[in-house]
Structure formats: C-alpha cells, structure tokens
Number of protein chains: 2
Amino acid sequence: MILDGSLEPGARLRETEFSQRLGIARHTFRAAAQILINEGLLRRLPNRGVQLAVLDRDDIVDIFRLREALEIEAVRLGMSAGTEIPEAAAAVERFNDLGEDASWRTVVDIDMAFHRAIIDATGSERINRAYAGVQSEILLCMAQLRPHYDRPEDVAAEHRELLEAIRSGDVDATEKLFRKHLGDAADNLTTALEAREEVTA
Amino acid sequence: MILDGSLEPGARLRETEFSQRLGIARHTFRAAAQILINEGLLRRLPNRGVQLAVLDRDDIVDIFRLREALEIEAVRLGMSAGTEIPEAAAAVERFNDLGEDASWRTVVDIDMAFHRAIIDATGSERINRAYAGVQSEILLCMAQLRPHYDRPEDVAAEHRELLEAIRSGDVDATEKLFRKHLGDAADNLTTALEAREEVTA
DNA sequence: CGTGGTAGATTGTTCCACAATTCGACGATA
DNA sequence: TATCGTCGAATTGTGGAACAATCTACCACG
C-alpha cells in the first residue's frame, strides 16, 4: 500500500484501523511498523503513532548522499577485486532490448537491478543492508513523484557507459561518472518534487 | 548489558527470562529487541528468538568497509563545504591532555567522538543513522575483544594528522590518510579477535 | 476573540492465552 | 550399539482485552 501510492504522503496510520484492515493484531502491526520505520518508509511520532514519510527536497538530497557514499565504495571495492558483475551486464542488456514505449516502471526496475548488482558484488552484508534502506526510500520517492525520465535508450546508453567504465579499470574516472549519474538522478527527482509542489500549492 | 560484556557472545536471550529480569512485558522486550536487531547488536533466528551477535573476522572487515564508505564521504562533503569541525578539534585537544596511563575506555570514547563529529558535520540524517549502526557494532566489538591499543599520545598524534589533513584542503591525501587510519584500526581488531580465538580454542 | 478545561480518541504497555515450531529425550528397530 | 522416528516440554509468534498516559478537538467561559 505504501509503495502503491494508495496512501497519501504524510498520512497517519492508526493502529486499530490498520490492524483490522490487514487482519492482524495491533501488536503485530506495531512490530511491522517498526521494521518499516527502520527502512525510512514510516516515521514514529512519540505518542502519536506512525505516519507515512513525506520526502522533501532535503530528504532527496540526503538519500542520494548516502547512496553515493555506498555505491562509490562498492565500485571501488568491486574494481580493486576485479570481480565481474554479470547481473549488471544483464541489466544493460535488458535496457537495450527495451522499445521506445517501455513502461516507466520497467525502466525503474532495471535501473534498480543494475545498481543493486554493484552493491551485491561487494559481498558486504552491511553495505547491502544500508543500501536496502535507501532503495526503499527511492521506491517511495518514485511512488510519490513519478518523475520525468529520459527515453529508454538514453538510460540504456548511460548505464552501458557506467559498466564500461568499471571494466576499463580507471577508478577515478568511474567514480566521477557515477557521481554525475547519481547527481543527475537526484536533480531529476528534486525537480519532479518541485513540480508537484507547484500543483498542490 | 550487551555492551557491558556481562552477556556472552552468541548468548540466546529468552523472552520470558529477560522480560522478567528487566521488569517489562514480553511484547515490550520484543519491540526493544527489534531495535537492537536493526543496530546489528542482536540477530533474530526464526522461531528461535534473538541471540547476541557474534562477530567474526569477516564481520569486522565488513563493519569497517561500511565505516570507510561513510566516513570518506563525510570527509569529502565536509571539505567541499569548507565547514569547520570544532568537536573534532576538541577531541584532539582531549587526546593531547591524556596522560600515559589514560584508561582504555577514555581513549575509545574520544576516538568515537572525533569520528562522530566528522559524520555530524555533514548534517546528513541518513549517513548519521547508518553510522550509528556501525558505531554500536564497534562498541560491541570493543566489549567483546578489548583489543590492543597504542599509547594515548600516538593515538592523539594520528588524529591530529587527520584533522590537519582536513584543514589542508587536499581531498585525495585526506582520503588516503583516513583509509589508512581505518584500515589499521580494523587490523587491530582482527588480530585481537584471532588472539582471543587462540585462547578459547 | 482568546483561554482553559473537559471528554473522546489514540498510543504505549501489561497480562493472559494459544497455535506453531523447535529441541531434546526416550524408545523402537535394524 | 547405532540410527531413526516419535513424543513432550520449552519457546516463539500471534491474537485479544484491558488500562494508564498522552494527545486532539471541542466547548464553555472570561
């Protein structure tokens, strides 16, 4: 429901209401909510329960700060270990196969798979956990914003570049490219956010 | 109790026993445990409750991988913003004031304060949260290992260098210095771990 | 028009209950 | 004797009801 968009940003999730709607006990709902809080999807207001996170401009910037930290480190680790990342290559392939009319959701899925592959390649449980958190938040972003996306082929080209950079072995150049890629994505989302704010305002 | 060392690594925390010992209800204990699980201090075994995390060599390496990712990014952000970090400077001062016989615990506290100051300076809520997780795990490490530490003045000197590097403005050199500093710390802990394993074996 | 108070709603926590699952002991069988 | 399966106790996972603490909204009052 959260990632569906069927819940308004900032909506308060009352315990009795939702536990009944989900057919679970209030305790169980609270336990589940705690997990989602740690993923950043919900926020706990003391004595006022949980509410769906509202992401403002600063949040998006912040999410991408952490994302940059994790992905850059993952890239460095992967490159110094010289590991191949077949899943990332597979993601690029899937990008290439997309037609002009590919659904936005498909593009997002492949994008996520690409970046997750790089994280997975590190074999670091903790970097993985931390990244899982930002990834849910990004999904939440997407659910709330539906930002503008480039044509599939442009997205494909950009990721092909990233993969080639990794294979080239030039760490600094790759790092720079990733920073640019992630920075652009963050800009995309922030402009989408501001566009929505204009509508609601 | 966890960070005291009064609980053995890998110990199972039975719900009835601990909720009674702490004077809280079983549900409350479960909720608290969930939070500690997210901090990496406890592990949940399905249908077998929670147990105190046991950190092996790989875990230490992994913790410091994430720590490196976060601190390096924090340093970069702080340096590009040109922010002063008075708390870090204060930590260095406290190091300088330490006598030869300073307690190990004091050294750890100041060390933590120094590194946390750098993280705090980013103003990034999410980098902060992620770092809080590794920090508790490091504390757990410390509680379980009591590793060998250099003389206080050496530790002081090393941190003074780090701070000076930040002030110098040379990002790459600073990054290299931090990687070395953190790598050494990780080595310290892993050797301490291996030393303990020899004893128990 | 602002202020304070009161009543209702909601959360945080406790206690009790019970199904599901795991673990260990016991005994049967080869 | 060793292996395996079965049974029972212990423990977890979940549900339900209750209650104090806290918050919210509304209303009376100055």
Side-chain angles (χ1 to χ4, degrees), chain A residues 1-56 59 125-126 128-129 132-133 136-137 140 143-144 200-201, chain B residues 1-56 59 125-126 128-129 132-133 136-137 140 143-144 200-201:
Chain A
M1 284 163 61
I2 291 174
L3 297 179
D4 255 2
S6 63
L7 245 40
E8 251 177 73
R12 227 175 119 184
L13 276 56
R14 280 185 206 76
E15 298 184 350
T16 49
E17 177 193 341
F18 275 80
S19 56
Q20 280 176 14
R21 201 199 291 195
L22 299 172
I24 58 178
R26 204 154 71 90
H27 282 301
T28 312
F29 174 79
R30 284 172 64 86
Q34 180 60 46
I35 293 174
L36 296 182
I37 287 171
N38 285 73
E39 286 182 15
L41 299 183
L42 297 177
R43 279 170 156 51
R44 153 150 287 131
L45 314 178
N47 283 312
R48 296 185 50 205
V50 295
Q51 78 173 155
L52 188 47
V54 286
L55 299 171
D56 60 14
D59 285 315
E125 179 193 327
R126 284 162 186 83
N128 232 295
R129 273 214 305 257
S136 342
E137 286 199 278
L140 180 62
Q144 295 185 358
T200 40
Chain B
M1 284 164 61
I2 291 175
L3 297 179
D4 255 4
S6 62
L7 244 41
E8 252 177 73
R12 231 176 115 184
L13 275 57
R14 282 187 203 77
E15 298 184 351
T16 49
E17 176 192 340
F18 275 80
S19 56
Q20 281 175 13
R21 202 198 289 194
L22 299 172
I24 59 178
R26 203 155 69 91
H27 280 301
T28 312
F29 174 79
R30 285 173 65 85
Q34 180 60 46
I35 294 174
L36 297 182
I37 288 170
N38 286 69
E39 286 181 14
L41 298 184
L42 298 178
R43 278 169 160 43
R44 154 148 286 130
L45 315 178
N47 283 311
R48 293 186 53 205
V50 295
Q51 76 172 165
L52 188 47
V54 287
L55 299 172
D56 60 15
D59 285 314
E125 180 193 326
R126 283 162 186 84
N128 232 295
R129 272 214 305 257
S136 349
E137 287 199 278
L140 180 63
Q144 294 184 359
T200 39

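To find a chain, count down the sequence lines: A is the first, B the second, and so on, and within it residues start at 1. A quick note: this is a predicted structure, and the numbers were derived from the prediction, not measured.
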Rounded interatomic separation in angstrom, taking CD from B/E17 and P from D/dT11
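In whole Å, D/dT11 P lies 9 Å from B/E17 CD.
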What is the distance, to the nearest angstrom, from the CZ atom on A/F18 to the C1' atom on C/dA9?
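In whole Å, C/dA9 C1' lies 16 Å from A/F18 CZ.
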Expected string for nucleotides 11-19 of chain C under the B/S/- scheme (protein heavy atoms, under 4.0 Å, primed atoms plus P, OP1, OP2 as sugar-phosphate) is BBBBB-B--
Considering residues at least two apart in sequence or located in another chain, which fulfil the side chain to side chain contact (heavy atoms under 4.5 Å, CB included) criterion with B/L22?
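Checked B/L22 against side chain to side chain contact (heavy atoms under 4.5 Å, CB included); matches are B/M1, B/I24, B/F29.
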Would you indicate whether the side-chain heavy atoms of B/D56 and B/D59 approach each other to under 4.5 Å?
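Answer yes - side chains close enough.
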Just wondering, do A/H27 and B/R30 contact through their side chains at under 4.5 Å, heavy atoms?
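No - every pair of side-chain heavy atoms lies 4.5 Å or more apart.
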Taking A/L140 as the fixed residue, which of A/L41, A/V54, A/L42 is the one that meets the side-chain contact (heavy atoms from CB on, under 4.5 Å) rule?
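The passing option is A/L41.
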Out of curiosity, B/R48 CZ to B/R14 CZ, how far, rounded to the nearest 0.5 Å?
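Answer rounded to 0.5 Å: 10.0 Å.
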